Amino acid sequence: MDWGNHKDILVFVEQAEGKPVNVGLEALAPARTLAGLTGGSVLTLVVGTDNAAAAEKAAVLCDGVLSVEGAAFGDGCTDAFACALEAVVSKYAPAAVLAGNTPLGRELTARLGARMGLGSAQDATALKVEDGTPVWTVPVYGGTVLNDVAVDTVPVLATVRSGAFSRPEAAAAAAVTAEAVDVPDEAVRSRVLETVQEISEAVNLEEAKVIVTGGRGMGSKENFALVEELAQLLGGVVGATRPAIEDGWVSRAHQVGQSGKIVAPALYIACGVSGATQHVSGMSGSGYVVAINKDEEAPIFDVADVGIVGDAVQVLPLMMEEIRRRRAE
Amino acid sequence: MEILVCLKQVPDDSVEIHLKPGTEEVNLDGVDSVVNAFDTYALEMAARLKEAVGGSITAITIGPEKARDAVKTCLAVGANQGYLISDPAFEAADTLGKSRILAAAVRHLEAEAGKPFDLIFCGREATDRATGQVGPQLAEALGVGLITDLVDIEQTGAGICAKQETESGYRRVEAATPCVVTVNKPAYDPRYPTIKSKLAARKMPIPVLSAAELDNVDPGRPGSHVVRVYEPAKRQAGVKIKEETCEESVLKAVAMMADAKVL
């Protein structure tokens with residue numbers, strides 16, 4: 001691949017409540033692979049009103065941090081973010097621009113692509129280098145089919161899936177450089193009036209070692225409590241399928257699947273989950289899968305290491321009793 | 001309010017899609033073509049807005065002749081008129097190319113009607129490739145505002161106020177019209193057609209817009225190419241336990257979990 005004068009790899013690291021989001025830091029790993037190809041540096045871009053904490057976290061994982069600060073970036077207005085990204089890309093002429101595949105990461109790469117006439121790979125789960133060309137693996141059709149995709153334009157644009165890459169090893173802190181970006185009034189076409197926090201619990205499915213997920217088969221909010229109890233017993237995190245969330249048993253922060261979180265715990269226990277593609281594609285990277293379902297034909301059994309044919313509402317109390325008994329021994 | 005809804009025809013997403021064995025060809029035999037689910041949410045949101053404030057909804061899609069069915073479906077559930085954008089020159093277009101084609105169609109339809117669209121709705125992503133690029137890229141191509149991931153919308157004095165879903169709740173975002181919005185799953189479901197609305201839709205013309213009508217817009221060369229297509233490694237199905245009693249099944253399963261050292 002001909003990189004021309006483009007060498008550096010720019011990674012947009014999004015912040016949430018003053019902290020860098022995990023998937024942004026994870027994107028620094030494929031960035032390092034790309035920098036090996038181009039002979040350039042890995043640069044992190046942070047944009048916000050106070051970037052100090054995020055810049056410090058990122059600085060030990062890359063070769064330089066570019067920090068764009070200003071009041072214009074305060075309310076989460078994406079127009080201002082798009083301006084900042086475009087300005088920094090114009091100045092540094094990177095060989096690639098990466099971001100996490102979050103709503104903001106998708107939007108910013110889309111807008112940058114439109115402004116500069118670039119192709120992109122979205123939601124990449126792996127990066128290979130073939131004859132000097134970066135090749136990204138992207139899931140299609142809900143993850144039942146994979147495409148290996150090469151981006152033909154420079155800078156290469158890509159977003160990466162949460163949990164697909166491990167963040168790089170920390171090293172000595174790189175320099176943080178302030179970049180001034182002026183956001184013209186006419187570039188800001190929308191305004192955030194209010195930000196409402198509906199879900200206060202911190203649900204970290206992506207980094208969980210154990211996930212216990214409940215689906216429609218749990219039958220009711222009361223029964224869903226059994227899922228929460230088992231998760232607690234195992235020191236795990238509660239997951240849920242879309243039907244369980246739509247029935248109001250648990251908040252959408254717990255959703256596992258194509259439209260929720262993609263997870264890969266060491267142990268995944270699916271309770272009353274049928275195993276629809278949308279769900280399975282979000283958990284098939286799990287280490288050991290246990291499935292409990294009344295329906296012997298449920299597709300979840302096709303991906304389970306151990307399947308129990310039975311009503312999860314009956315099975316879960318017995319399972320907890322047996323686990324407690326073994327622990328007491 | 002003049003509303004445009006952009007939609008995509010996709011394989012039915014309730015069906016698991018696989019490759020034809022030993023090939024890189026996606027097997028769509030027997031899989032119905034449907035309107036992308038997020039586009040049906042967009043149309044429903046648009047229809048509710050139109051019912052609240054008045055106006056008209058135009059539905060457009062880019063695709064081959066059979067994509068006409070997708071437009072027809074929309075005419076039965078809220079769209080007032082529909083167009084099929086179809087031309088061999090558009091077949092290879094990527095998301096950026098499609099946004100350029102859609103922008104050209106917007107300009108064409110606005111010139112033809114003699115009035116601009118106030119709002120352009122897109123689904124947040126299509127269920128087949130799920131890249132979520134076309135909406136934002138269309139806003140860029142048109143040089144108008146953008147709000148993504150809507151779960152509700154209302155008209156205001158200056159334009160619109162949108163409820164945008166976020167990871168931990170929602171934001172209320174205001175924008176002047178014209179603007180592009182992308183729609184997530186709202187709290188309501190799309191309406192079903194009635195026999196009467198289906199019959200009426202069947203009689204409505206769906207004109208084709210080709211490159212010639214769209215000022216010979218150039219979608220450009222795709223910015224990426226697919227190197228190979230394959231299926232992910234399958235998980236091996238393990239043991240399915242169905243003992244006489246639930247207790248026995250559980251004891252056996254927990255013993256296996258303990259042996260695998262996952263407890």
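On a predicted model such as this, the values are computed, not experimentally measured, just so you know.
Only the backbone of Ala304(A) has a heavy atom closer than 4.5 Å to any heavy atom of chain B. Contact annotation for Cys161(B): only side-chain heavy atoms (C-beta onward) come within less than 4.5 Å of a heavy atom of chain A. Of the two parts of Ala162(B), neither the backbone nor the side chain holds a non-hydrogen atom closer than 4.5 Å to a non-hydrogen atom of chain A. Contact of Ser281(A) with chain B is not made at all, since no heavy-atom distance falls under 4.5 Å. With a 4.5 Å cut-off on non-hydrogen atoms, Val15(B) does not touch chain A at all. Residue contact with chain A, scored on non-hydrogen atoms closer than 4.5 Å, involves the backbone and the side chain of Leu146(B) alike. Within the 4.5 angstrom heavy-atom criterion, only backbone atoms of Thr127(B) (N, CA, C, O) approach chain A. Only the backbone of Ala176(B) comes within contact range of chain A, judged by heavy atoms closer than 4.5 Å. Contacts between Thr125(A) and chain B at a heavy-atom distance below 4.5 Å are absent for every atom of the residue. Asp128(B) touches chain A through backbone and side chain together, each having a heavy atom under 4.5 Å away. With a 4.5 angstrom heavy-atom cutoff, Leu96(B) touches chain A only via side-chain atoms. Proximity to chain A (any heavy atom under 4.5 Å) is shown, for Lys252(B), by neither the backbone nor the side chain.
Side chain of Arg129(B) to main chain of Gln122(A): no donor-acceptor pair is present (N/O by atom type, distance under 3.5 Å, no hydrogens or angles). For the pair Ser168(B) (side chain) and Ile199(A) (backbone), a donor-acceptor distance under 3.5 Å is absent. Counting only distance, with no hydrogens or angles, the side chain of Glu140(B) and the backbone of Ala114(A) share no donor-acceptor pair below 3.5 Å. Put simply, the side chain of Lys240(B) gets close to the backbone of Glu296(A): a donor and an acceptor are under 3.5 Å apart.
For the side chain to side chain contact (heavy atoms under 4.5 Å, CB included) with Val173(B), the qualifying choice from Thr78(A), Leu193(A), Val192(A), Asp75(A) is Val192(A), the only one to do so. Screening Arg171(B), Arg172(B), Lys163(B) against Glu194(A) for a salt bridge (charged side-chain N to carboxylate O under 4.0 Å, His left out) leaves a single residue, Arg172(B).
Here the CG atom belonging to Leu318(A) is positioned 9.5 Å from the OG atom belonging to Ser249(B), to the nearest 0.5 angstrom. Between Ser224(B) atom OG and Leu118(A) atom CG the span is 11.0 Å, to the nearest 0.5 Å.
Heavy-atom pairs under 4.5 Å with chain B were tallied for Lys209(A), Glu130(A), Arg327(A); the largest tally goes to Glu130(A). In terms of heavy-atom pairs under 4.5 Å with chain A, the best-connected choice from His18(B), Glu125(B), Gln133(B) is Gln133(B). For chain B, the option among Arg252(A), Glu201(A), Arg115(A) with the highest count of heavy-atom pairs below 4.5 Å is Arg252(A). By number of non-hydrogen pairs under 4.5 angstrom with chain B, the leading residue of Gly310(A), Gly119(A), Ala150(A) is Ala150(A). Considering only heavy-atom pairs separated by less than 4.5 Å from chain A, the leading option among Gly143(B), Ala139(B), Ser14(B) is Gly143(B). In terms of heavy-atom pairs under 4.5 Å with chain A, the best-connected choice from Asp94(B), Thr148(B), Val144(B), Leu263(B) is Val144(B). Most heavy-atom pairs under 4.5 Å with chain B, from the set Glu321(A), Glu107(A), Arg325(A), Gln258(A): that is Glu107(A).
For Asn204(A), the CG atom sits in a packed shell: over 12 heavy atoms of surrounding residues, nucleotides or ligands are nearer than 6.0 Å. Other residues, nucleotides and ligands place no more than 12 heavy atoms under 6.0 Å from the CZ atom of Arg221(B). Within a 6.0 Å radius of NZ in Lys66(B), no more than 12 heavy atoms belonging to other residues, nucleotides or ligands are found.
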Could you walk me through whether Thr166(B) and Thr195(A) pass side-chain contact (heavy atoms from CB on, under 4.5 Å), step by step?
CA-CA 9 Å; Thr166(B) 63; Thr195(A) 300; 5.8 Å; no
Step-by-step side-chain contact (heavy atoms from CB on, under 4.5 Å) determination, Leu19(B) to Val145(A):
CA-CA 7 Å; Leu19(B) 299 179; Val145(A) 174; 4.0 Å; yes
For a side-chain contact (heavy atoms from CB on, under 4.5 Å) check, start with the C-alpha distance between Arg124(B) and Arg106(A), then their side-chain angles and the critical distance, and finish with the verdict.
CA-CA 11 Å; Arg124(B) 82 181 298 264; Arg106(A) 296 205 308 177; 3.3 Å; yes
As a quick check of understanding, evaluate side-chain contact (heavy atoms from CB on, under 4.5 Å) for Val290(A) and Met257(B), giving each step before the final call.
CA-CA 8 Å; Val290(A) 179; Met257(B) 289 160 73; 3.9 Å; yes
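Listed here is the closest heavy atom pair of Arg326(A) and Ala258(B): NH1-CB, 3.5 Å. Residues Ala237(B) and Phe301(A) come closest through the heavy atom pair CB-O, 3.8 Å. In plain terms, the two heavy atoms of Ala110(A) and Gln137(B) that are nearest each other are O-NE2, 3.0 Å. Heavy atoms only, all atoms of each residue included: Pro222(B) and Asp152(A) are closest at O-OD2, 4.3 Å. Considering every non-hydrogen atom in both Ser190(A) and Ala175(B), the closest pair reads CB-CB, 4.0 Å.
Under the 4.5 Å side-chain criterion, counting only non-hydrogen atoms from C-beta, Lys185(B) is in contact with Arg242(A). The shortest distance between side-chain heavy atoms of Thr144(A) and Glu231(B) does not fall below 4.5 Å. By the 4.5 Å heavy-atom criterion applied to side chains, Tyr170(B) and Gln197(A) are not counted as neighbours. Side chains of Arg228(B) and Leu146(A) form no contact here, defined as non-hydrogen atoms less than 4.5 Å apart. Contact annotation: the side chain of Val254(B) approaches that of Ile323(A) to within less than 4.5 Å [non-hydrogen atoms, C-beta and beyond].
Remark: Asp305(A) engages Arg235(B) in a salt bridge, criterion side-chain N to carboxylate O under 4.0 Å. No salt bridge links Glu174(B) with Arg189(A); every basic N to acidic carboxylate O contact stays at or beyond 4.0 Å. Remark: Glu167(B) engages Lys261(A) in a salt bridge, criterion side-chain N to carboxylate O under 4.0 Å.
Defined by atom type and a distance below 3.5 Å, a donor-acceptor pair is present between the side-chain atoms of Asp148(A) and Tyr230(B).
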